[in-house]
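Inspection log for the structure reproduced underneath, given as structure tokens.
Along the sequence shown, residues carry numbers from 1. What you see is a predicted model; the values in this text were computed from it and never measured.
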Amino acid sequence: MSADRPTLQRFVQADWLYSSGIIALILLTYAPVLWGNYAFLDDYVFLKAARQGSWSGFVPVLGAGRPVAAVLLSWGFSVGASIDHLWILRAFTIGGLGLAAVCTFRAFCLAGHPQFLSAAIGTTMFLLPSFQVYASWAQYFVTGPTICLAYLAFSCAFKTRSVFIIRDKLLRTAAAILLLGISAAIYQPLAMCYWLYLAIALTGPGIDQRALKQKLPFLASVGAAGAASGYLIFRACQMFYPSTNARFSLTTQFQAKLSWFFSEALRRVAGLNLLNSGGAVSLLLGATVVIGVWFYCQNVLKAGRQTLLFLGCCVLLASAPNLLTGENWASSRSLGGLTMIWTLFGFLAVCGFTHLRPADARPLAAGIMSFWLLTSAVLASRNTTELFVLPQERELSFIKAGLAAPEFTPGKRLVFVGGHWSILASPLVLYDEFGLASTAVSYTLRPMLELLLPKVRPDISTAAIRIVDFGAAINAAPDEYVLDMKGLQALK
């Protein structure tokens, strides 16, 4: 036993080294959002509500069945109480994502994958489009803890079957369900990462698959119970904060929903690093991944169609919040769980294809994963800079300059003409995330102006504000000052 101690010490040291490297790479990749001085969409609403000490701005979060998130957001935006301080929340996001990446790295290591490959895939998952949105948007500082709770829930459930004392087993089971329920009460799409960690275990070369299959009904039951508790929390929130929005209702068009899932949601995820991959590209990449996973199951796991069936179920379960809701909206932030599980399949495909040449399998896999990791880091840094930081700073600077104009004198009313999705000089505008102007969404305009006016023009901080939609007739009176976001479009 003492002879194994040096080996164990080297493993632990390497483990800490990889964990530090993972956190450092994620921090370096997303560093642009830390030195950027901006807010985005809902950030303005939450900032205004936190400054007023009002819960009204957080009601939509409660209505979405995320009461824990509402409490955390209220606290977080009280700490980052101004646009200048939102970098604190984004720093918390990056730290949380780094911790979640370390948890995922540990899951791959415990499943029997080599440490370098585990670190590479565990980091790559957190550099893809969904996580670029989380890192760039201050309100998503809760995402890292959500994933960590899902990981802890699965770890607790996985170890429960090895406990023989009934009381301890019941306590562990209850703890796993509670952790998963809290995770769902923060952000449902990422609470479904429970199924990601189950898929990692199902495909782990170092796990006794026969013993795992015996645990599978119990693990699935815990996951289902945790998801059910999240749903009950959602229904309870809807009773007190009802909404007619389609995203808060259950779908009744199941065939159409599945068609949307494969044509839109899965198409976007299958593109991996690509923000908006075409159907042909996604089909080619998706088919390649499926074939590679088949090779992996056949040649590495020595498993057959049953494992593939289980993995397919994990995909659907990880996408449950998207599949059950009445709204068809494949935004990157709503596809976090699906993105991670598809990235797992990409990793398994790499292992499957490289195992066709057993003598060179590990160096080939290491080379491919290194390329994938570095490419993801470069693209993530570029996307967060060019599609979030710079466009939002440009828009904010334009508004501040307009408010500081000498023509805007005390006694005048501010007429603010809202923006449009096309007004920013962004390489791409995708959904209500990448490259979108904050002024393109009407509910952000008044909170934004009420936050900026006291800072830019303390002499007229209480000026009356009239909002005009983009493209509508302005009809300004002599005592009104017009700030039109079309002026930003003209600067392209």
Side-chain angles (χ1 to χ4, degrees), residues 121 124-134 147 150 187-200 202-203 223 227 246-247 250-297 305 307-350 352-353 372 376 379-380 383 428 430-434:
I121 186 59
T124 300
M125 283 184 174
F126 291 84
L127 300 177
L128 296 182
S130 294
F131 295 91
Q132 296 167 22
V133 175
Y134 302 147
I147 299 171
Y187 193 54
Q188 296 95 333
L190 291 181
M192 297 299 100
C193 286
Y194 178 94
W195 304 106
L196 163 73
Y197 295 116
L198 177 57
I200 292 173
L202 282 168
T203 54
R247 73 178 62 177
L250 293 178
T251 184
T252 56
Q253 305 293 328
F254 295 103
Q255 186 175 352
K257 193 70 178 184
L258 283 175
S259 175
W260 165 83
F261 176 74
F262 286 103
S263 63
E264 184 69 12
L266 201 56
R267 173 187 66 80
R268 291 202 61 206
V269 169
L272 295 175
N273 293 92
L274 304 175
L275 285 179
N276 196 28
S277 57
V281 174
S282 293
L283 182 62
L284 177 62
L285 290 173
T288 303
V289 166
V290 171
I291 293 170
V293 171
W294 171 258
F295 283 146
Y296 178 84
C297 291
R305 286 172 290 183
T307 298
L308 286 174
L309 178 62
F310 289 150
L311 292 177
C313 290
C314 286
V315 170
L316 294 176
L317 289 167
S319 309
N322 301 86
L323 288 171
L324 294 176
T325 182
E327 183 182 61
N328 294 340
W329 189 246
S331 60
S332 293
R333 65 186 182 278
S334 68
L335 300 177
L338 182 60
T339 295
M340 294 180 78
I341 205 165
W342 191 260
T343 309
L344 164 66
F345 291 173
F347 169 67
L348 298 178
V350 169
F353 282 121
W372 190 6
S376 298
L379 288 175
N383 289 342
L428 174 73
L430 190 60
Y431 287 87
D432 55 343
E433 298 167 334
F434 295 96

List for me each residue that meets ring-ring contact (aromatic ring centres under 6.0 Å, His included) alongside [X], sequence neighbours excluded, and say none if there are none.
| X | answer |
| --- | --- |
| Phe131 | Phe126, Tyr134 |
| Tyr296 | none |
| Phe353 | Phe295 |
| Tyr194 | Phe154 |

To the nearest 0.5 Å, how far apart are [atom1] in [X] and [atom2] in [Y]?
| X | Y | atom1 | atom2 | answer |
| --- | --- | --- | --- | --- |
| Ser319 | Met192 | OG | CE | 10.5 Å |
| Trp372 | Leu128 | CH2 | CG | 7.0 Å |
| Leu283 | Thr288 | CG | OG1 | 9.0 Å |
| Phe347 | Met125 | CZ | CE | 8.5 Å |
| Met340 | Trp195 | CE | CH2 | 15.5 Å |
| Leu308 | Cys313 | CG | SG | 11.0 Å |

Taking side chain to side chain contact (heavy atoms under 4.5 Å, CB included) as the definition, give me every residue that meets it alongside [X], ordered by chain and number, with sequence neighbours left out.
| X | result |
| --- | --- |
| Trp260 | Lys257, Glu264, Ala265, Asn322, Asn328, Ala330 |
| Ala199 | Leu311, Cys314, Ile341, Leu344 |
| Leu316 | Phe261, Leu323 |

Just jot down the side chain to side chain donor-acceptor pair (under 3.5 Å) partners of Ser130, sequence neighbours excluded, or say none.
-> Thr339

Set of residues satisfying side chain to side chain donor-acceptor pair (under 3.5 Å) with respect to Thr307, sequence neighbours excluded =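 Partners of Thr307 under the side chain to side chain donor-acceptor pair (under 3.5 Å) test: none.
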
Closest contact, heavy atoms only, [X] versus [Y]:
| X | Y | result |
| --- | --- | --- |
| Tyr187 | Arg333 | OH-O, 2.9 Å |
| Ser331 | Arg268 | C-NH1, 3.7 Å |
| Gly337 | Cys193 | CA-SG, 4.4 Å |

Of Thr343, Val350, Leu348, which meets side-chain contact (heavy atoms from CB on, under 4.5 Å) against Ile121?
->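 Among Thr343, Val350, Leu348, the one that satisfies the side-chain contact (heavy atoms from CB on, under 4.5 Å) with Ile121 is Thr343.
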
For the pair Glu433 (side chain) and Val133 (backbone), establish whether a donor and an acceptor sit closer than 3.5 Å, ignoring hydrogens and angles.
-> no

Minimum side-chain heavy-atom gap Leu266-Trp342 below 4.5 Å =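 Yes. Closest side-chain heavy atoms under 4.5 Å.
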
